[in-house]
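Have a look at the structure below, then the notes.
The figures that follow rest on heavy atoms only: side chains count, while hydrogens, waters and symmetry mates do not.
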Amino acid sequence: MDFVGLLGARGAKLAVGLATMLVYARIFGISATYDAWIWSLGIVNAAGLILFGPITETIRASYSSIDHQEGPEAAGKYLATVAALMIGSAVVIAAVAALALPVIAEWILDPASEQARASAFFLYVLAPSLAVSQLVTVLTAHLNCHGRIYPPEIAGVLGGAAGVLLVVLFPRLPATWLLPLSYYMGLLTPLLVGASFWPELIRALTHLSATEFRRHGREALTFSLPLLLPYALGQISGLVERQFALAAGTGVLAVLSYAMFARNTVQAVFTAALAALAVPELARAWHRTDTLAFRQAVRRWIHQCLLLVTLGMLVLFALSGIIPPILFGSRIDAAAQSLLTQLLQLYAVAMFAVILYLLGGSSLLAAKRGKIYALASAGASIGSVALLTGLFPLIGIRAVPVALAFSHASAAWMMFRSIDRADAGWIVRQGILRVLVVGAGGAVVQVIDTAARGAAMPVLARLMLCLSSAGLLCGLWWLVDRRAPAPIAVADRGSS
């Protein structure tokens with residue numbers, strides 16, 4: 001996938017995501033029903049990722065490996081085997097989930113609360129999506145493995161846009177129906193681009209012997225099992241975050257979900273870019289006995305990514321005070337607005353740890369140190385839950401981004417230290433410097449916004465003023481930081 005195409009696809013998804021957040025904020029606001037939707041959707045998605053996430057992540061790599069070693073026919077049979085296993089098991093699991101998840105919700109949540117009643121309904125409605133999402137995953141993997149990258153991406157964007165349009169056109173429908181309808185519209189649309197998939201799948205399965213089916217099934221499990229623990233711990237960490245948000249009071253989970261949009265969007269963009277561009281380049285640069293070229297490439301990628309993150313997070317921090325009234329208008333009280341502003345500011349800082357964590361993982365994968373990556377990833381999830389549990393009684397739901405920052409920063413430091421100790425120190429200093437830049441620059445714009453608010457300036461005028469100020473600061477930092485990092489000193493070449 002070329003860089004321009006990648007940016008275009010991700011940019012379109014970002015635009016639809018921003019529109020979705022704005023429409024949802026204006027129509028569903030901060031409520032117990034939206035809390036229940038976020039919680040239920042999180043439960044279902046977590047179940048899908050724990051069960052199918054590891055095998056989903058390894059489909060393309062394992063297909064390419066088999067195609068290279070045994071030829072396209074064997075690779076096609078492997079893909080058909082994985083598709084049959086995932087789709088068949090997903091249908092069974094969706095049926096079980098429809099019965100089990102609402103019972104679990106009644107056990108976890110307060111039965112008298114409005115969230116519990118709405119969550120039970122949402123879980124019934126969302127259970128089939130476990131099967132539908134795996135259909136989409138298998139279809140996307142099939143198209144990607146055959147060189148068709150953009151059709152599922154475009155279909156996903158169109159489906160998301162159609163879901164938003166449905167909410168805009170029928171805002172008076174009950175939220176308990178409107179939210180699932182919008183979600184399923186976005187989920188089902190990618191299936192429209194896979195007309196050739198089903199005949200090819202059936203043809204491959206009919207030419208597949210029982211021995212080949214068992215062998216390819218074992219290969220799929222062998223490829224994916226090392227990722228099971230990190231996936232499971234990561235999803236459990238997310239479930240714990242949502243449970244603490246529910247415990248903090250009605251509407252807090254909704255506020256947290258709006259703040260987390262910034263994290264999820266930035267993380268998705270960088271994950272795609274690093275997988276498509278950074279990992280191949282770093283893998284080519286890796287040499288077990290001479291790591292200088294590899295370390296220089298890592299530094300180059302870190303510098304580029306930190307520059308982009310600094311510019312983006314400076315804008316997010318600067319606009320954190322104006323985003324709540326833009327999203328909600330007058331439908332948000334002062335306490336919720338203050339909480340959302342603080343969460344956005346904390347996520348603006350925490351994203352540096354997340355991006356360094358992603359870079360560290362990409363570097364380890366390129367250096368064929370996947371076990372260290374898995375251990376560090378598991379440690380980050382465990383550390384995040386432990387910190388959240390300890391900090392929640394002290395600072396409330398603000399503990400979520402704080403725990404994220406410290407756990408992922410620690411994991412990133414361990415990853416880079418396993419590659420080179422000197423580089424780990426350099427990376428820590430680079431990250432801290434840019435956090436200070438974002439904090440200082442964002443604080444300056446916040447002062448300007450406070451003065452504008454005191455002068456009774458309209459919201460849109462405040463937005464333009466803050467954007468202009470943040471843009472000026474971003475331009476100044478780009479001029480300062482755009483130069484490539486200095487070459488590694490000779491004295492540091494043997495520090496691995």
Side-chain angles (χ1 to χ4, degrees), residues 13-14 16-49 105 108-109 113-116 118-119 122-123 125-126 129 160 163-164 167 175-176 178-180 182-183 186-187 234-268 316 319-320 323-329 331-333 335-348 350-351 354 384 388 392 396-404:
K13 281 194 172 183
L14 173 59
V16 171
L18 288 171
T20 301
M21 185 173 66
L22 179 60
V23 169
Y24 277 29
R26 289 290 175 134
I27 293 178
F28 304 117
I30 297 171
S31 63
T33 301
Y34 194 63
D35 278 353
W37 169 255
I38 295 297
W39 187 85
S40 304
L41 187 61
I43 289 283
V44 173
N45 286 341
L49 285 171
I108 295 176
L109 302 177
S113 67
E114 187 177 346
Q115 287 101 328
S119 295
F122 283 140
L123 287 171
V125 174
L126 287 171
S129 71
V164 174
V167 175
T176 49
L178 193 54
L179 284 164
S182 174
Y183 173 73
L187 184 63
Q235 295 310 308
I236 291 171
S237 175
L239 292 175
V240 171
E241 290 177 358
R242 286 185 283 273
Q243 201 62 37
F244 272 109
L246 278 182
T250 300
V252 174
L253 180 55
V255 172
L256 179 65
S257 72
Y258 292 120
M260 286 183 69
F261 174 82
R263 170 202 167 177
N264 294 337
T265 302
V266 174
Q267 185 169 338
L316 178 63
L319 299 184
S320 58
I323 286 175
I326 290 291
L327 283 178
F328 298 96
R331 297 187 58 190
I332 184 171
D333 58 35
Q337 180 170 331
S338 175
L339 177 60
L340 181 54
T341 296
Q342 293 171 25
L343 287 172
L344 289 171
Q345 292 172 352
L346 290 170
Y347 272 119
M351 285 313 301
V354 173
S384 181
L388 176 57
F392 183 79
I397 203 60
R398 299 164 191 82
V400 172
V402 173
L404 174 76

Apply side-chain contact (heavy atoms from CB on, under 4.5 Å) to the pair L344 and Y258, showing each step before the final yes or no.
-> CA-CA 9 Å; L344 289 171; Y258 292 120; over 6 Å; no

Separation of N264 CG from M21 CE (nearest 0.5 Å) | 11.0 Å

Please round to the nearest 0.5 Å and tell me the distance separating atom CG of L388 and atom CZ of R398.
-> 13.5 Å

Closest heavy-atom contact between A25 and F328?
-> O-CD2, 3.5 Å

Shortest non-hydrogen contact from S320 toward Q345 = OG-NE2, 3.1 Å

Between V167 and V23 the two heavy atoms that sit nearest each other are CG1-CG1, 3.6 Å

Point-to-point distance, once rounded to the nearest 0.5 Å, from CD1 of I38 to CG of L246 = 10.5 Å

Closest contact, heavy atoms only, G249 versus D35 = O-OD2, 4.1 Å

Output the distance between atom CH2 (W39) and atom CG (L123), rounded to the nearest 0.5 Å.
-> 6.0 Å

Measure the CZ-CG distance between F28 and L179 for me, rounded to the nearest 0.5 Å.
-> 4.0 Å

Atom pair CD1 (I43) and CG (L239), whose distance is rounded to the nearest 0.5 Å | 4.5 Å

Would you say L316 and I323 make side-chain contact, with heavy atoms under 4.5 Å?
-> yes

Looking only at non-hydrogen atoms, find the nearest pair between F244 and I397 and report the distance.
-> C-CD1, 4.1 Å

Trace of the side-chain hydrogen bond (donor to acceptor under 3.5 Å, both in side chains) decision for Q342 with S338 = CA-CA 6 Å; Q342 293 171 25; S338 175; 3.0 Å; yes

Has the side chain of S40 got a donor or acceptor atom that lies under 3.5 Å from a matching backbone atom of A36?
-> yes

F122 vs W37 aromatic rings, parallel, tilted or perpendicular, using cut-offs 30° and 60°?
-> perpendicular

Smallest heavy-atom separation, P324 atom then I332 atom, equals CB-CD1, 4.2 Å

Would you tabulate the side-chain donor-acceptor contacts of residues 250-257 under 3.5 Å, counting partners in other chains and residues two or more places apart, or write 'none'?
unit_1	atom_1	unit_2	atom_2	d
S257	OG	A254	O	2.6

Main-chain N/O of L327 paired with R26 side-chain donor or acceptor, under 3.5 Å | yes

